[in-house]
Amino acid sequence: DMKCLMSEKIGVKSNSKIIIIENWADNDIVAVFKNNNDNDKIDIQYAGNIGRVQGLMEFVDIFGTIKNDNLYLSFWGKGALEKKLKSFVEEKSLLNVTFHGQYARIEQSRILNSTDIALISLADGMFGLGVPSKTYNILASGNPILFIGDLNSEVALLVKENQIGFCFDSKDKEGIKMRIALAGNPNVGKSTIFNALTGLNQHTGNWAGKTVDIATGNFLIDDDYSIT
């Protein structure tokens, strides 16, 4: 997406004149290993700059409307929006949202491995202006990605093509709510709800680990809005 934007802005007629140097993860610092979370929730983690271009206020607003006691949202890092975000969380009494503050780079592997789902988000209008470097370290940690932003952006294409998470347009509030509202611990009835919504017949059982394969389905809201 950055290549397309540069071509458009500077009038380059041939994409061959633009050379892309890919970013990378620091494999000496970030590796795959799993810590036990400090709680029994499904943890969605944002680790990085808590700035204005990440669209975090919009995500927290959506997160706060989800009625799911299994969900937990944790922030690691600091930034220009941190104070405003904390005030919003306090005002809304969102007890399942926490801020852990800044962390040293040497701690990155431990922190990234302490979560269940890694959040990457970009505000509207950020298409082509950057690929969050946190993406590559998240990939190195082996975590699935929840991306909120332009569905044609580099991160969204990466996630969709490699089936390593979920992507939502930042305006798709209902889709975001429905997807993460069904997140939960093993053996709490997610497959039963999935069958009821989609009309499918995924096998269910009264023990953890019964549903391990990926299954997709669709259902309509008000006859014209489809969620997969």
>> For a quick test of reading the model, state the closest non-hydrogen atom pair linking Gly55 to Ser121 and the distance between them.
In response: C-OG, 4.3 Å
>> Applying side-chain contact (heavy atoms from CB on, under 4.5 Å) to Leu146 and Val159, what does each step give before you reach the verdict?
In response: CA-CA 9 Å; Leu146 172 61; Val159 171; over 6 Å; no
> Where is the tightest heavy-atom contact between Lys134 and Leu119, given as atom of each residue plus distance?
Replying inline: CD-O, 4.3 Å
> Does Ile138 offer a backbone N or O that forms a donor-acceptor pair with the side chain of Asn143 under 3.5 Å?
Replying inline: no
>> Looking at every heavy atom in both Gly79 and Asn49, which two are closest together, and how far apart are they?
In response: CA-OD1, 3.6 Å
> Between Thr115 (side chain) and Leu112 (backbone), is there a donor-acceptor pair under 3.5 Å?
Replying inline: no
> Could you give the distance from CG (Leu151) to CG (Leu157), rounded to the nearest 0.5 Å?
Replying inline: 9.0 Å
>> Between Tyr103 and Ile106 (side chain of the first, backbone of the second, donor and acceptor by atom type, cut-off under 3.5 Å), is there such a pair?
In response: no
> What is the minimum heavy-atom distance between Ile120 and Thr135, and which atoms define it?
Replying inline: CD1-OG1, 3.3 Å
> If you round to the nearest 0.5 Å, how far is CZ of Phe63 from CG of Leu94?
Replying inline: 8.0 Å
> So, do Leu73 and Asp43 sit near enough that their side-chain heavy atoms are less than 4.5 Å apart?
Replying inline: no
>> Applying salt bridge (charged side-chain N to carboxylate O under 4.0 Å, His left out) as the test, list every pair that has at least one member in residues 73-85; sequence neighbours left out.
In response: Lys78-Glu82, Glu82-Lys86
>> Any heavy-atom pair between the side chains of Leu56 and Tyr46 that's under 4.5 Å?
In response: yes
>> As an exercise, state the distance from CD of Gln45 to CG of Asp116, rounded to the nearest 0.5 Å.
In response: 9.5 Å
>> Counting C-beta onward and ignoring hydrogens, is there a side-chain heavy-atom pair between Val60 and Phe75 closer than 4.5 Å?
In response: yes
>> Within the 4.5 Å heavy-atom criterion, are Phe147 and Ser153 side-chain neighbours or not?
In response: yes
>> Minimum heavy-atom separation for Ile50 and Gly77, please, with both atom names.
In response: CD1-O, 3.4 Å
> Looking at side-chain heavy atoms only, is the closest gap between Ile42 and Ile117 below 4.5 Å?
Replying inline: yes
>> Considering only residues two or more places apart or on different chains, which pairs with a residue in residues 88-102 satisfy side chain to side chain donor-acceptor pair (under 3.5 Å)?
In response: Thr98-His100
> Do the side-chain N and O atoms of Asn113 and Ser141 include a donor-acceptor pair separated by under 3.5 angstrom?
Replying inline: no
> Is Asp172 reaching over with its side chain to a backbone N or O of Phe168, donor-acceptor style, under 3.5 angstrom?
Replying inline: no
>> So, taking the atom named CD1 in Ile62 and the one named CD1 in Ile148, what distance separates them when rounded to the nearest 0.5 Å?
In response: 7.0 Å
> Does the side chain of Val155 come within less than 4.5 Å of Asp150's, by heavy atoms?
Replying inline: no
> Would you say Asn162's side chain and Ile164's backbone share a donor-acceptor pair under 3.5 angstrom?
Replying inline: no
>> Less than 4.5 Å apart, side chain to side chain, heavy atoms only: is that true for Tyr72 and Val97?
In response: no
> Are the side chain of Gln54 and the backbone N or O of Gly51 linked by a donor-acceptor pair below 3.5 Å?
Replying inline: yes
> Can you tell me how far the NZ atom of Lys173 sits from the CD atom of Glu58, to the nearest 0.5 Å?
Replying inline: 8.0 Å
